[in-house]
Amino acid sequence: MARYFFDIVDGGLTLDDEGVEFADVRTASREALQSLPDRANSHITDHQIGEVTVTVRDDRGIPVYRATLTIDTEWLVEAPVGWSALPSMT
């Protein structure tokens, strides 16, 4: 088992200083990828442009994997009353 650290960029930078143990880098990368929708959901509101990135570092601090989820919305008709374009998270 090796320890991997998940650094998050979602409008700000959160460095993981605890890490999580995984059997290998493939398992850690799968966890990073699968975590993106939940991370995005907690930071992106309806009709907001946003991006969430998870960078996985190994126990030496070396980045070994990066996954990014981008949300980009566009009205194709006039936006409903009360709805407007929200500022980008980035």
Would you tabulate the side-chain donor-acceptor contacts of residues 57-67 under 3.5 Å, counting partners in other chains and residues two or more places apart, or write 'none'?
from, atom 1, to, atom 2, distance (Å)
R57, NE, D7, OD2, 2.5
R57, NH2, D7, OD1, 3.0
R57, NH2, D16, O, 2.9
D58, OD1, R60, N, 2.9
D58, OD1, G61, N, 3.1
D58, OD1, I62, N, 3.0
D58, OD2, R60, NE, 3.3
D58, OD2, R60, NH2, 2.7
R66, NE, T55, OG1, 3.1

In chain order, what residues pass the ring-ring contact (aromatic ring centres under 6.0 Å, His included) check against F5, with sequence neighbours excluded? none
So, using side chain to side chain donor-acceptor pair (under 3.5 Å) as the criterion, who are the partners of S29 when residues are at least two apart? none
Remaining members of M1's ILVMFWY cluster at a side-chain heavy-atom cut-off under 4.5 Å? none
Would you say L33 and L69 are hydrophobically clustered, going by side-chain heavy atoms of ILVMFWY under 4.5 Å? yes
In Å and rounded to the nearest 0.5 Å, what is the CG to OG1 distance from L36 to T68? 7.0 Å
4.5 Å side-chain heavy-atom contact, Y4 and V25: yes
Salt bridge (Lys or Arg N to Asp or Glu O under 4.0 Å) partners of residues 17-28, not counting sequence neighbours, each pair once: R3-E21
Applying ring pair (Phe, Tyr, Trp, His ring centres under 6.0 Å), which residue pairs with at least one partner in residues 9-33 are found, sequence neighbours left out? F6-F22
Side chain to side chain contact (heavy atoms under 4.5 Å, CB included) test vs R39 passes for just one of V54, D10, T53, namely V54
